[in-house]
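Here the structure comes first, spelled out in structure tokens, and everything after it is commentary.
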Amino acid sequence: MLWSKLALVANVSAALAAATGQHSYQDGGQQVLGGADSTKFKCDLPPVLDPSADGLPSARDLFDNKKALSKQVERHSTIVKIPSVSYDDNGEPGDDPRWDVFYDLHDALAELYPSVHARMARETVNTFGLVFSLKGTDPSLRPILLTAHQDVVPVADPSTWKYPPFSAHFDGRWLWGRGASDDKNSLTGIFSALETLLSNPQWVPRRTIIVALGFDEESGSRGAGSIGPFLEERYGQYSMALLLDEGGMGLELLEGNTLYALPAVTEKGHVDVWIDLQVNGGHSSTPFPHTGIGILSEIVVKLESNPFKPKIIKDSPIYNHFACQARYSPDAAPKITKLIKKGDLHGLAHELASIDRPTQYRVQTSQAVDLFNAGVKINAMPEKVRVGVNYRVAPHDTAAEVKKKIVREIKPIAEKFGLSISAYKGESAFEEFKPAYEVDYNGTLTLTATADTKNAPVSPTSGPVWDVFSGTIQHTFAFEHGKVVPVGELMTGNTDTRWYLNLTKNVYRWVPTRKGGTQNAHTVNEAIDMHAHIEAVKFYYDLVRNFDASDA
């Protein structure tokens with residue numbers, strides 16, 4: 001009877017899927033490719049866009065020298081030294097003193113960037129969120145929105161670092177420190193480009209410029225989650241021409257002559273699933289064959305032994321990336337080129353999944369068992385056990401299918417131990433089920449889901465806004481006898497852009513840094529190559545100028 005009741009749990013997946021949102025479904029997955037006519041994608045490039053017609057000094061003249069490098073080291077080290085950590089258990093701003101370090105960061109920004117603070121209006125949102133704005137002279141032009149986040153992840157053990165994590169040590173090439181890459185690299189770059197422009201009193205933008213800085217991208221929604229509605233109320237839905245945030249895959253050189261710029265034009269979905277087991281305890285001298293830890297360990301093994309399958313959707317950003325590669329660098333990966341030309345999507349997905357972890361999880365839903373809590377004493381069997389599993393949902397899957405799969409995987413184990421299941425109570429047609437007979441374990445499995453975030457819509461990779469964006473990339477990173485190919489990609493993680501999606505359809509997640517120019521974000525010995533950082537500053541400088549000259 002327990003088996004039949006558990007089967008009934010799985011059979012309500014249709015109701016759960018219907019409740020997951022507004023995406024349409026095809027082949028069992030989310031079809032988030034709407035908007036652009038992607039079936040005609042051939043990887044044709046828009047023209048290179050040189051901003052020199054505005055008469056301002058070129059980015060190369062301004063930043064390709066030792067003085068500019070020294071200035072950027074000074075600016076970036078000052079910002080990296082400030083331990084603006086956000087924790088998962090932070091309280092509200094104003095209540096939790098751990099937020100107060102952000103005041104130091106705000107003071108540092110004011111000192112480092114006086115022209116930005118003199119000419120742009122600065123507003124605070126929810127105490128520590130910052131919005132800077134400079135009104136353009138032409139109200140018919142939609143603003144551009146540049147975003148970054150102020151916070152960094154915690155440091156587990158400073159003694160394991162090559163240099164102290166908040167020392168911002170510069171060794172002549174690399175600047176070391178927590179946040180040096182994620183995300184203070186882009187924060188410093190954006191402000192440095194704007195400081196250069198705004199220190200010229202003759203330069204007055206036609207187009208409004210907005211900079212938004214969240215303060216808890218790494219841990220919550222208080223920052224950008226407050227700034228997004230603030231901007232929407234002021235400017236309206238779809239009021240921005242462009243949103244550029246962190247993310248993407250930077251730039252990658254192939255075959256020595258083709259440089260691929262890979263901004264993320266979509267993000268994977270996200271759901272965290274919590275599995276709580278409550279069972280009888282007792283003295284460890286007379287244990288059950290399996291304690292609660294043993295039971296949940298068996299569940300973990302079952303989940304990890306049955307990963308999700310890789311898949312490529314035709315004309316998706318990932319497919320288009322490799323279509324570009326097959327066109328411009330066919331010999332860089334001959335097998336991939338052959339699979340693209342054959343149209344073998346199944347073979348392509350499995351080939352990509354075999355390259356490395358970052359590539360694998362661009363074509364596959366990820367599953368990571370990240371938290372396991374249990375036990376209060378060495379001689380007492382645990383009565384409560386909790387496991388937290390993090391999922392980043394690929395476009396061909398859905399959060400509903402993730403939840404359904406978990407129930408399907410654990411129900412034989414639940415039957416084996418005579419456990420009741422309460423799955424996602426209150427958010428679907430799932431109900432609580434109990435075994436029809438007495439069992440020693442007297443256990444209940446409770447499944448809950450949090451942080452349910454849908455796959456982001458795919459931003460256009462054609463049209464006037466993309467043409468300015470792509471044309472600027474091609475200009476800034478142009479090199480002799482080479483070609484620069486911007487093409488959209490997928491972001492395996494999630495950024496603050498999820499709070500800004502109502503402001504524009506042109507959402508691009510990209511830090512303009514070459515592959516190998518950053519290292520160890522979120523782990524020991526995080527660092528940024530300051531020469532790569534200078535290139536980012538040059539790009540932001542060119543981007544603002546090109547959008548100011550454009551009527552896009």
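The first residue in the sequence is number 1, and the count goes up from there. Not measured: the values here are computed from a predicted model. All heavy atoms count here, side chains included; hydrogens, waters and symmetry mates do not.
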Q. Among L175, T188, V511, D182, which residue meets the side chain to side chain contact (heavy atoms under 4.5 Å, CB included) test with I528?
A. L175

**Q.** Ionic contact status for D104 with K81, cut-off 4.0 Å
**A.** no

Q | Sub-6.0 Å ring centroid separation between F539 and W510 | A | yes

**Q.** pair P114-E195: side-chain heavy atoms closer than 4.5 Å
**A.** yes

Q.
Check E123 with R234, please: is the shortest side-chain N to carboxylate O separation under 4.0 Å?
A. yes

Q.
Working to the nearest 0.5 angstrom, can you tell me the gap between S550 OG and R207 CZ?
A. 5.5 Å

Q.
Between S70 (side chain only) and K67 (backbone N and O only), is there a donor and an acceptor less than 3.5 Å apart?
A. no

Q: Could you check T472 against N546 for side-chain hydrogen bond (donor to acceptor under 3.5 Å, both in side chains), going step by step and ending with a plain yes or no?
A: CA-CA 7 Å; T472 303; N546 274 336; 2.8 Å; yes

Q) Does the S77 side chain pair with the main chain of E74, one donor and one acceptor, at a distance under 3.5 Å? A) yes

Q) Under 3.5 Å, side chain of N520 to main-chain N/O of T523, donor-acceptor pair present? A) no

Q.
Under a 4.0 Å threshold between the charged nitrogen and the carboxylate oxygen, would R222 count as salt-bridged to D151?
A. no

Q) Are the side chain of R142 and the backbone N or O of Y238 linked by a donor-acceptor pair below 3.5 Å? A) yes

**Q.** N90 CG to D95 CG distance, which is reported to the nearest 0.5 Å
**A.** 11.0 Å

**Q.** Any residue meeting side chain to side chain contact (heavy atoms under 4.5 Å, CB included) with K162, in chain and number order, not counting sequence neighbours
**A.** W176, N525

Q. side-chain hydrogen bond (donor to acceptor under 3.5 Å, both in side chains) between T461 and N320: does it pass, once the steps are laid out?
A. CA-CA 10 Å; T461 52; N320 289 348; 5.2 Å; no

**Q.** Working for side-chain hydrogen bond (donor to acceptor under 3.5 Å, both in side chains), residues D216 and H149
**A.** CA-CA 7 Å; D216 64 343; H149 63 86; over 6 Å; no

Q) Under a 4.0 Å N-O cut-off, is there an ion pair linking E267 with R498? A) no

Q) Can the positive tip of R75 be found less than 6.0 Å from the middle of the six-membered ring of F191, inside 45° of the ring normal? A) no

Q | Salt-bridge contact K311-D397 (side-chain N to carboxylate O under 4.0 Å) | A | no

Q) Does some side-chain heavy atom of R509 sit less than 4.5 Å from a side-chain heavy atom of V507? A) yes

Q. Quick check: does any side chain N or O of K268 sit under 3.5 Å from a backbone N or O of Y361, one acting as donor and the other as acceptor?
A. yes

(Q) I'd like to check the salt bridge (Lys or Arg N to Asp or Glu O under 4.0 Å) partners of D272; sequence neighbours left out, ordered by chain and number. (A) none

Q. Is there a side-chain contact between W466 and S459 (heavy atoms, below 4.5 Å)?
A. no

Q: Return the set of residues passing salt bridge (Lys or Arg N to Asp or Glu O under 4.0 Å) with E526 (not counting sequence neighbours), or none when no residue passes.
A: R178

Q. Any idea how F102 and F128 line up, ring-wise: parallel (<30°), tilted (30 to 60°), or perpendicular (>60°)?
A. tilted

Q. To the nearest 0.5 Å, what is the distance between CG (L146) and CG (L242)?
A. 7.0 Å

**Q.** Close side-chain approach of E535 to L251, heavy-atom, < 4.5 Å
**A.** no

**Q.** Close side-chain approach of Y328 and K483, heavy atoms under 4.5 Å
**A.** yes

Q) If you round to the nearest 0.5 Å, how far is CG of D529 from OG1 of T518? A) 9.5 Å

Q: Would you indicate whether the side-chain heavy atoms of E217 and D496 approach each other to under 4.5 Å?
A: yes

Q | Any donor-acceptor pair under 3.5 Å from T365 side chain to A394 backbone | A | yes

Q) So do H396 and K309 actually touch side chain to side chain, heavy atoms under 4.5 Å? A) no

Q: Might you point out which heavy atoms bring I473 and A261 nearest each other, and give the distance in Å?
A: CG2-CB, 3.6 Å

Q | S221 OG to N126 CG distance, which is reported to the nearest 0.5 Å | A | 9.5 Å

Q.
Using the ring centroid of each side chain, check whether Y319 and F41 are separated by less than 6.0 Å.
A. no

(Q) So for atom CD, which belongs to Q237, do other residues, nucleotides or ligands contribute more than 12 heavy atoms lying within a distance under 6.0 Å? (A) yes

Q. Roughly how far, to the nearest 0.5 Å, is the NE2 atom of H533 from the NZ atom of K184?
A. 13.0 Å

**Q.** Side chains of V363 and L348 in contact at under 4.5 Å (non-hydrogen atoms)
**A.** no

Q) What residues form a side chain to side chain donor-acceptor pair (under 3.5 Å) with H106, not counting sequence neighbours? A) Q150

Q) Ring centroid separation for F547 and F469, is it under 6.0 angstrom? A) no

Q | For D61, all residues meeting side chain to side chain contact (heavy atoms under 4.5 Å, CB included), sequence neighbours excluded | A | S58

Q. Just by modelled atom types, is the I210 backbone N or O under 3.5 Å from a matching donor or acceptor in the S133 side chain?
A. no

Q: Determine yes or no for a side-chain-to-main-chain donor-acceptor pair under 3.5 angstrom, with N390 supplying the side chain and A368 the backbone.
A: no

Q. Partners of R545 by salt bridge (Lys or Arg N to Asp or Glu O under 4.0 Å), sequence neighbours excluded?
A. D54, D542

Q) Between T497 and Y508, does a side-chain hydrogen bond (donor to acceptor under 3.5 Å, both in side chains) hold up when you go through it step by step? A) CA-CA 9 Å; T497 56; Y508 303 106; over 6 Å; no

Q | Name of the residue among D467, V484, V485, V487 meeting side chain to side chain contact (heavy atoms under 4.5 Å, CB included) with L45 | A | V485

Q: Might you point out which heavy atoms bring A224 and Y500 nearest each other, and give the distance in Å?
A: CB-OH, 3.4 Å

